[in-house]
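Residues take their numbers from the sequence shown, with the count starting at 1.
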Amino acid sequence: MSAAFETTLQRYFAAWNTTTGADDLAKAVAAAFTEDAAYTDPAADVRGHAEVTAMIAGALAQFPGFEFRLSGAPDGHHDIVRFGWELVSLTDGSAPVAGFDVATVAEDGRVSSVKGFLDRVPGA
């Protein structure tokens, strides 16, 4: 994986794992996503920093004590990177939610769009 994609994914997961307050989450989202970023998965279809921030805050509130982690090796070319992820319990290491995302990366290294897929969901 290129160093550029590695930096992009570090910022991406940093945003998804920001639990230190609304201001820090908004800053992490701004660092990881372009202003007009689009994020679409089976549970969300949002655009822009405010909506992405609200979506991430909702996910963090739904799963307190969990952390999003990269699963497997990312694969990318041109301005596209695909990667798996898991939502892991910091208490027992279980990962009740897992998925796969395909992200488009802007020239500045921030994510401009995400198409997400949920592979494992509790109760599904």
Side-chain angles (χ1 to χ4, degrees):
M1 177 176 65
S2 78
F5 286 145
E6 187 173 323
T7 299
T8 296
L9 291 178
Q10 287 172 350
R11 287 188 208 140
Y12 182 82
F13 282 98
W16 276 99
N17 290 317
T18 299
T19 58
T20 53
D23 287 343
D24 288 343
L25 177 55
K27 288 176 187 172
V29 166
F33 294 86
T34 60
E35 290 79 3
D36 60 347
Y39 184 100
T40 305
D41 71 15
D45 186 13
V46 298
R47 295 205 182 319
H49 285 170
E51 291 183 9
V52 170
T53 299
M55 174 196 60
I56 291 174
L60 293 172
Q62 186 176 357
F63 292 96
F66 282 78
E67 176 179 86
F68 285 92
R69 294 185 188 163
L70 187 64
S71 174
D75 183 29
H77 61 82
H78 296 86
D79 64 347
I80 302 167
V81 62
R82 65 179 177 158
F83 54 95
W85 54 266
E86 292 182 315
L87 184 61
V88 179
S89 168
L90 298 175
T91 303
D92 65 13
S94 65
V97 183
F100 188 87
D101 291 352
V102 178
T104 303
V105 181
E107 285 187 23
D108 67 2
R110 293 185 297 164
V111 172
S112 61
S113 73
V114 176
K115 304 295 187 220
F117 298 85
L118 299 174
D119 297 325
R120 183 171 61 240
V121 178

Please find the pair of heavy atoms, one from Val97 and one from Pro122, that lie closest to each other, and give the distance. CG2-CD, 3.5 Å
Would you say Tyr12 ends up clustered with Leu118 if hydrophobic residues are merged whenever their side chains have heavy atoms under 4.5 Å apart, either directly or through other cluster members? yes
Output every pair passing ring-ring contact (aromatic ring centres under 6.0 Å, His included) with a member in residues 39-64, not counting sequence neighbours, ordered by first then second residue. Trp16-Tyr39, Phe63-Phe66
Kindly state each residue pair satisfying ring-ring contact (aromatic ring centres under 6.0 Å, His included) with at least one member in residues 90-110, sequence neighbours excluded. none
Sorted by first residue and then second, give each salt bridge (charged side-chain N to carboxylate O under 4.0 Å, His left out) pair with at least one member in residues 20-33; sequence neighbours left out. none
OG/Ser71 to CG/Leu87 distance, rounded to the nearest 0.5 angstrom? 12.0 Å
So salt bridge (charged side-chain N to carboxylate O under 4.0 Å, His left out) across residues 54-65, not counting sequence neighbours, yields none
Thr104: what forms a side-chain hydrogen bond (donor to acceptor under 3.5 Å, both in side chains) with it, not counting sequence neighbours? Ser113
Quick one: salt bridge (charged side-chain N to carboxylate O under 4.0 Å, His left out) pairs with a partner in residues 97-114, sequence neighbours left out? Glu35-Arg110, Asp108-Arg110
Among residues at least two apart in sequence or on other chains, which ones pass side-chain contact (heavy atoms from CB on, under 4.5 Å) with Ala98? Glu86, Arg120
In terms of heavy-atom contacts, Gly93 and Val88 come closest through O-CG1, 3.8 Å
Give the minimum heavy-atom separation between Ala37 and Val111, together with the two atoms involved. CB-O, 3.6 Å
Steps toward side chain to side chain contact (heavy atoms under 4.5 Å, CB included) verdict (Val114, Thr40): CA-CA 6 Å; Val114 176; Thr40 305; over 6 Å; no
Could you tell me which residues satisfy side-chain hydrogen bond (donor to acceptor under 3.5 Å, both in side chains) with Ser112, sequence neighbours excluded, listed by chain and number? none
Pairing residues for Val105 by the side-chain contact (heavy atoms from CB on, under 4.5 Å) criterion, not counting sequence neighbours: Phe5, Thr8, Val81
Tell me the closest heavy-atom pair linking Thr18 and Leu60, and the distance in Å. O-CD1, 3.0 Å
Tell me whether Trp85 is reachable from Val121 by hopping between hydrophobic residues (I, L, V, M, F, W, Y) whose side-chain heavy atoms are closer than 4.5 Å. yes
Not counting sequence neighbours, which residues clear side-chain contact (heavy atoms from CB on, under 4.5 Å) with Ala15? List them please. Ala28, Val29, Ala32, Phe33, Ile56
When you measure from the side chain of Ser94 to the backbone of Pro96, do you find a donor-acceptor pair of N or O atoms at a distance under 3.5 Å? no
Residues 45-67 vs salt bridge (charged side-chain N to carboxylate O under 4.0 Å, His left out), sequence neighbours excluded, gives Glu67-Arg69
Applying the 4.5 Å side-chain criterion to the ILVMFWY set and letting contacts propagate, would Phe83 and Val102 be lumped into a single cluster? no
Looking at residues at least two apart in the chain, or sitting in another chain, which of them share a side-chain hydrogen bond (donor to acceptor under 3.5 Å, both in side chains) with Asn17? none
